[in-house]
Structures are given as C-alpha cells and as structure tokens.
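Structure record follows, encoded as structure tokens.
Here the structure is a predicted model, which is why all the values come from computation and not from measurement. The residues of the chain are indexed from 1 along the displayed sequence.
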Amino acid sequence: MTDTESTPVRSMDRLREIAGVAARAANAHNTQPWELRFRADHVEVGWRTQYALGPSDPAHRDLRLSLGTYVESLLICAAEAGIPVRYEPDFDVDATRVGRLRPDAWPTASPRSVADVEGRRVWRGAWKREQVPAEALHRARRTAEEAGFRVAVVPTQAARPLLVRAYHWFFGDAGIAAELLAWARLSPRHPEYRRDGLNDVMLVLSRAEALAMRMFFAPPVYRVLRPLGLVRLLTTLSSGATRGDGVVLVILGKGHDPADEVEAGRLVTRLWLDLFRDGIHVHPQSHVIDCPGTVGDLARLCGATDGERPLVFFRVGYPATDPAARPRHPRRESAEHISA
C-alpha cells in the first residue's frame with residue numbers, strides 16, 4: 001500500500017486522539033452511552049446498552065439525542081484537528097449503531113471550536129432576571145430551520161404548569177426513582193464519582209440536600225413515603241427551573257424516524273455551543289416530553305402543526321452565580337469509549 005492509499009486510514013485512526021474531548025458532549029444522566037468501533041475503512045458510531053437509560057427514557061429518545069450530540073462534537077473536534085471525515089447516518093437498533101464516519105477528501109470547516117465543546121456547561125441553579133437577547137433567539141430559530149427542525153420560544157410562566165405536572169409524574173414512578181438513584185453520585189466517596197453519573201455538584205446540591213436525596217430515593221424509604229406526600233415535596237423542590245421571567249426553547253421535528261432524533265441531537269450541540277459562546281446557559285428538562293400527560297399540551301403550546309412533535313425542552317438564561325466556580329462534570333477515560 002502506498003502512502004497516499006494509507007492516508008485515509010491514518011486520518012481515521014486520529015479520531016482516537018479527539019474522542020476524549022468530544023465526550024464532553026451533552027447526554028442524559030451523564031451516562032456517556034456512545035462507542036466508536038474502528039473498522040478497516042470506517043468507524044462505526046454506536047452505543048453500549050448498559051449505558052442506555054430505561055424508565056427515565058422510555059422511548060429512548062434521550063439516547064438518540066445524546067448520540068447525536070456526540071457525533072456533532074466529534075465532527076467539530078475533527079474539523080479543528082484537520083481530520084478529513086464525513087458522517088453517514090445508518091441507524092440500526094439491532095446493531096446498536098447510529099451511523100459511520102468515513103474518510104473524506106478534505107477537512108470540513110466548522111464555525112464552532114474545540115474550546116466551545118470543552119467549555120460548555122449545563123446550569124441547574126438560580127437564574128438572573130436578565131433577558132436573553134432577541135438576536136440570540138432569532139439565530140437559534142435560523143440554525144434549527146437550516147437543519148430541518150423548528151425552535152419554539154415559550155415563556156417560562158407558560159411552561160411552568162407543564163413542568164410541575166411532569167415532575168409529579170417523574171418522581172411518582174418507582175422505576176424512574178430507582179434509576180435516578182442508581183446514576184446518582186452524591187458523595188466523592190462513590191466509586192464512580194469522577195467517571196459518570198449525576199453527582200452532587202452537577203445537581204447543585206448542598207451536603208444536606210444530597211443526604212436527603214440518598215435517603216428519600218432508597219427503595220424502602222421511597223415505598224413508604226411516596227403515598228404520604230414525598231412526590232409532592234420533591235416536585236415542589238425541583239420545579240424552580242421555570243420560576244421567574246425568561247424563556248424555554250423547544251426543538252420540534254416531524255415524524256418518528258429514530259435517525260431524525262440523532263440529527264436533532266446534532267442540532268442541540270450547535271445551539272448550545274452558540275448560546276454558551278454568548279454567556280447563555282441551558283437547563284434541559286426531558287421529562288416534560290416523556291410524560292404522557294404533558295407532551296400533547298406542550299405541542300399545543302408550541303403551536304405544533306403538520307405532524308410536528310417536541311423533541312428537546314430547555315430553559316435558557318444567565319446563571320445567578322458563576323458556573324465556572326463549580327467543578328466540571330466527570331467523564332470516563334477516552335479509551336473506554338473505543339472498541340477495536
């Protein structure tokens with residue numbers, strides 16, 4: 001084989017170098033489900049079933065969105081590294097695959113950077129009263145339209161009743177409560193604290209709140225307290241994401257093709273990185289879409305037409321305190337996302 005013929009293979013192998021940075025991609029419960037599978041002439045992008053959520057993601061929509069955020073983050077990192085690669089969608093649930101990365105003739109330029117991917121953060125704390133500029137919202141709509149989706153802008157006051165109802169459904173489901181506890185890392189002593197899951201820092205919990213969460217979600221305690229008002233208490237404590245003035249953005253798509261949900265995840269990365277560059281943070285709330293009792297009302301609130309359905313729901317705004325003062329979300333070693 002000549003050097004020219006071997007160049008595409010060497011370029012694809014360089015994806016190993018950027019896999020760890022791309023793993024900063026947003027994903028539900030910080031399970032990091034993606035996997036790169038290196039083949040002779042391409043790289044499969046798939047997922048590991050042990051990192052796919054169950055009751056918390058009943059339609060596996062969040063799984064596909066998370067895989068899309070990873071694909072887009074990987075392509076952004078590849079562009080900056082000068083790696084010529086293109087993504088070909090090829091969703092196959094039996095093969096646990098969403099698509100393939102193949103060598104391309106030239107690197108594809110991206111308006112987003114590795115620094116954007118590395119710096120992005122989700123915010124779950126209190127918000128300033130400062131409003132998101134209309135230009136930022138307009139740009140988000142335009143970016144979504146270019147990708148074949150629509151972004152609806154919903155006032156937080158209008159979205160709040162739906163969020164409260166969805167939280168009540170979320171915390172009232174024993175399977176979801178057990179899964180949330182399974183992925184919670186509420187103390188630095190937890191063996192997976194620095195690798196994955198939802199730790200106390202990510203959830204913006206005080207030591208007392210972390211202790212209360214560990215106690216309330218323990219199955220024996222949860223079973224006893226659930227009919228005694230526990231669900232109502234947890235709903236009240238968690239519904240602050242839409243308090244006050246501000247807006248929620250909802251991504252809407254058409255049809256039910258799983259591959260389209262992966263593409264919606266790619267759009268999420270573009271939108272969130274663009275917003276973050278302007279100092280605007282997000283707080284995703286997927287259970288408003290998962291909850292059977294709120295998804296239809298959310299679609300109507302967004303003015304859904306022609307088969308549109310909500311895919312992603314997130315508050316946007318400015319944190320009341322500096323997010324950079326809090327440690328980053330943990331990630332596994334890049335080698336753990338790669339298979340031969």
Side-chain angles (χ1 to χ4, degrees), residues 12 15-16 18-40 42-75 87-102 122 170 173-185 190-199 202 217 219 253 255-266 268-269 284 286-287 289-292 311-312 329-340:
M12 297 301 289
L15 292 175
R16 300 175 188 270
I18 62 173
V21 178
R24 299 303 318 175
N27 63 105
H29 277 35
N30 194 27
T31 67
Q32 306 162 50
W34 42 72
E35 180 179 55
L36 295 181
R37 302 160 186 164
F38 283 76
R39 306 297 187 238
H42 68 277
V43 177
E44 282 189 3
V45 182
W47 69 92
R48 294 179 177 175
T49 55
Q50 68 265 38
Y51 298 131
L53 295 172
S56 305
D57 186 22
H60 299 301
R61 187 192 73 260
D62 276 338
L63 170 65
R64 294 184 282 272
L65 291 170
S66 298
L67 294 164
T69 66
Y70 181 70
V71 167
E72 187 67 17
S73 297
L74 192 68
L75 292 174
Y87 173 69
E88 295 179 351
D90 185 23
F91 187 88
D92 187 326
V93 68
D94 294 326
T96 61
R97 181 184 65 234
V98 297
R100 296 179 174 87
L101 298 163
R102 294 190 182 276
V122 166
F170 183 87
D173 186 293
I176 293 176
E179 188 165 63
L180 181 61
L181 183 63
W183 282 101
R185 317 299 190 226
H190 192 289
E192 307 298 325
Y193 187 84
R194 292 171 179 83
R195 297 183 70 248
D196 59 19
L198 301 167
N199 64 37
M202 292 174 63
F217 284 93
H256 291 79
D257 187 344
D260 288 342
E261 294 177 345
V262 178
E263 291 302 308
R266 295 183 63 188
V268 166
T269 290
S286 62
H287 50 287
I289 299 173
D290 293 326
C291 175
L311 297 174
V312 189
H329 298 175
R331 289 294 188 268
R332 300 188 199 100
E333 294 294 329
S334 59
E336 298 184 61
H337 301 296
I338 296 173
S339 68

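- The one candidate from Arg185, Gln32, His29 that meets the side-chain hydrogen bond (donor to acceptor under 3.5 Å, both in side chains) condition with Asp196 is Arg185.
- Residues passing the salt bridge (charged side-chain N to carboxylate O under 4.0 Å, His left out) test with Arg100 are Asp90, sequence neighbours excluded.
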I would like to know whether Asp173 and Glu179 meet side-chain contact (heavy atoms from CB on, under 4.5 Å); could you show each step before the answer?
CA-CA 10 Å; Asp173 186 293; Glu179 188 165 63; over 6 Å; no
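- Relative orientation of the His287 and Phe170 rings is tilted, given thresholds of 30° and 60° on the angle between their planes.
- Counting heavy atoms from C-beta on, the side chains of Ser56 and Leu180 never come closer than 4.5 Å.
- Classified by interplanar angle (parallel below 30°, tilted 30° to 60°, perpendicular above 60°), the ring pair His337/Trp34 is tilted.
- Rounding to the nearest 0.5 angstrom, the gap separating the CG atom in Leu15 from the OG atom in Ser334 is 12.0 Å.
- Just one of Leu75, Asn27, Leu65, Leu36 meets the side-chain contact (heavy atoms from CB on, under 4.5 Å) condition when paired with Tyr70; it is Leu36.
- You'll find the side chain of Glu261 reaches within 4.5 Å of the side chain of Leu311, heavy atoms only.
- A salt bridge links Arg97 to Glu44: one of the charged nitrogens lies within less than 4.0 Å of a carboxylate oxygen.
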Between Val98 and Trp47, does the side-chain contact (heavy atoms from CB on, under 4.5 Å) criterion hold? Intermediate values first, please.
CA-CA 8 Å; Val98 297; Trp47 69 92; 3.9 Å; yes
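- Not counting sequence neighbours, Asn199 has no partner by the side chain to side chain donor-acceptor pair (under 3.5 Å) test.
- Interatomic distance, Arg195 CZ to Asn30 CG, rounded to the nearest 0.5 Å: 10.5 Å.
- Considering every non-hydrogen atom in both Met12 and Leu101, the closest pair reads CE-O, 2.9 Å.
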